[in-house]
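For this chain, numbers begin at 1 and follow the sequence in order.
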Amino acid sequence: MNLLEELDGYGWSIQQALLTTFSFDPRFFSEYVRPRLQKRNCDLPAVLIDDHRYAQNIDSEDWLEAPIGSHYLLEPVQTDSVFHPKVNLFASERSVYATVTSANLTLEEYAKAAQIGESVGFQRSWLEDDERD
């Protein structure tokens, strides 16, 4: 599974994107992820991240320079343990597409490290029942 190709969506229509991660790299997201989603008509994706990782990094220089809130939303998830899912959900009025992987939203994990994952999607048919033949 090429995770960057999965973000390209293979022609799937999307308007909304929700991504989850433990670790987050704002430069990777701004330079690689968001442009791919924007090409697919998704202007303000939302990212859910582990609250402890969020607290550790929110004041770092690369996070302070990131367009959080204007180009994408980044929301911490509070939990008693660790928020660790890596699920990407893309949706529009006519389709839903999801990936579940072992990769966090970082360049290292999306482009360099070996990852496992699966993708699945459903598209609404625009044909009426009598037109499907």
Side-chain angles (χ1 to χ4, degrees):
M1 169 183 271
N2 181 318
L3 296 173
L4 292 174
E5 285 182 7
E6 292 293 325
L7 291 172
D8 289 332
Y10 304 108
W12 289 76
S13 170
I14 68 165
Q15 294 164 323
Q16 304 293 323
L18 178 67
L19 303 94
T20 66
T21 188
F22 175 71
S23 300
F24 181 75
D25 177 351
R27 175 173 275 157
F28 166 71
F29 197 84
S30 293
E31 293 177 9
Y32 291 92
V33 177
R34 184 171 182 269
R36 284 175 164 79
L37 297 178
Q38 199 169 23
K39 284 181 189 176
R40 297 177 58 211
N41 202 32
C42 179
D43 289 327
L44 193 62
V47 178
L48 303 179
I49 183 173
D50 180 76
D51 65 329
H52 302 291
R53 282 294 180 137
Y54 182 89
Q56 288 174 347
N57 291 290
I58 194 61
D59 292 327
S60 67
E61 185 175 328
D62 58 334
W63 282 45
L64 290 172
E65 295 174 1
I68 298 169
S70 60
H71 290 174
Y72 55 90
L73 303 174
L74 184 64
E75 294 293 328
V77 175
Q78 294 181 351
T79 179
D80 291 334
S81 57
V82 175
F83 182 76
H84 208 261
K86 287 90 168 190
V87 177
N88 300 327
L89 179 63
F90 310 106
S92 72
E93 291 180 359
R94 63 184 180 106
S95 66
V96 175
Y97 184 79
T99 63
V100 178
T101 74
S102 58
N104 289 296
L105 286 169
T106 66
L107 178 61
E108 191 70 33
E109 293 196 27
Y110 260 67
K112 298 178 182 177
Q115 303 293 341
I116 60 170
E118 186 63 47
S119 60
V120 64
F122 304 94
Q123 288 201 44
R124 178 176 151 193
S125 172
W126 291 105
L127 300 175
E128 299 297 326
D129 288 339
D130 59 339
E131 294 177 307
R132 290 188 184 155
D133 293 335

Counting N and O atoms only, with roles assigned by atom type, does the side chain of S30 sit under 3.5 Å from a partner on the main chain of R27, one being a donor and the other an acceptor?
no
Identify whether I49 and L73 are in the same connected component of the hydrophobic contact network (ILVMFWY, side-chain heavy atoms under 4.5 Å).
no
Quick one, Q15 and C42 - any side-chain contact, counting heavy atoms below 4.5 Å?
no
Might you point out which heavy atoms bring H71 and L44 nearest each other, and give the distance in Å?
C-CD1, 3.7 Å
Could you measure the distance from the NZ atom of K86 to the CZ atom of F22? Nearest 0.5 Å is fine.
8.0 Å
Checking side-chain contact (heavy atoms from CB on, under 4.5 Å) between S119 and each of V100, T101, T99, which is the one that passes?
T99
Without hydrogens or angle criteria, can the side chains of D62 and S60 be said to hold a donor-acceptor pair below 3.5 Å?
yes
Are L64 and V47 linked, directly or through other ILVMFWY residues, by side chains that come within less than 4.5 angstrom of each other?
no
Look up atom CG in D51 and atom CD in Q56, then write down how far apart they are to the nearest 0.5 Å.
10.0 Å
Residue pair L105 / S23, side-chain heavy-atom distance below 4.5 Å
no
Please identify each residue that fulfils ring-ring contact (aromatic ring centres under 6.0 Å, His included) with F90, with sequence neighbours left out.
none
Counting distance only, does the side-chain N/O of T106 pair as donor-acceptor with the main-chain N or O of D25 below 3.5 Å?
no
Would the distance check show the side chain of D50 and the main-chain N or O of V82 forming a donor-acceptor pair, the cut-off being under 3.5 Å?
no
Under the 3.5 angstrom rule, does the side chain of T20 hit a backbone N or O of L48 as a donor-acceptor pair?
no
Would a single hydrophobic cluster contain both V87 and V77, if residues Ile, Leu, Val, Met, Phe, Trp and Tyr are joined by side-chain heavy-atom contacts under 4.5 Å?
no
Aromatic ring proximity Y32/Y110, centre distance under 6.0 Å
no
Is there a continuous path of hydrophobic side-chain contacts, each under 4.5 Å between heavy atoms, that joins L89 to V33?
no
Is the CD atom of Q16 crowded by more than 12 outside heavy atoms at less than 6.0 Å?
no
Linking I/L/V/M/F/W/Y whenever any side-chain heavy atoms sit under 4.5 Å apart, do L37 and L74 land together?
yes
Can E6 and Y97 be counted as having a side-chain donor-acceptor contact under 3.5 angstrom?
yes
With rounding to the nearest 0.5 angstrom, report the CD to CD distance, Q115 to E108.
9.5 Å
Indicate the ring-plane relationship of Y54 and W63, choosing parallel, tilted or perpendicular according to the 30° and 60° boundaries.
perpendicular
Atom CZ in R36, atom CD1 in I14: separation rounded to 0.5 Å?
12.5 Å
Using a 6.0 Å cut-off, check whether atom CZ of F28 has over 12 heavy atoms from anything other than its own residue.
yes
Any donor-acceptor N or O pair under 3.5 Å, side chains E109, N104
yes
Look at the side chain of S95 and the backbone N and O of F122, then say whether any donor-acceptor pair between them is shorter than 3.5 Å.
no
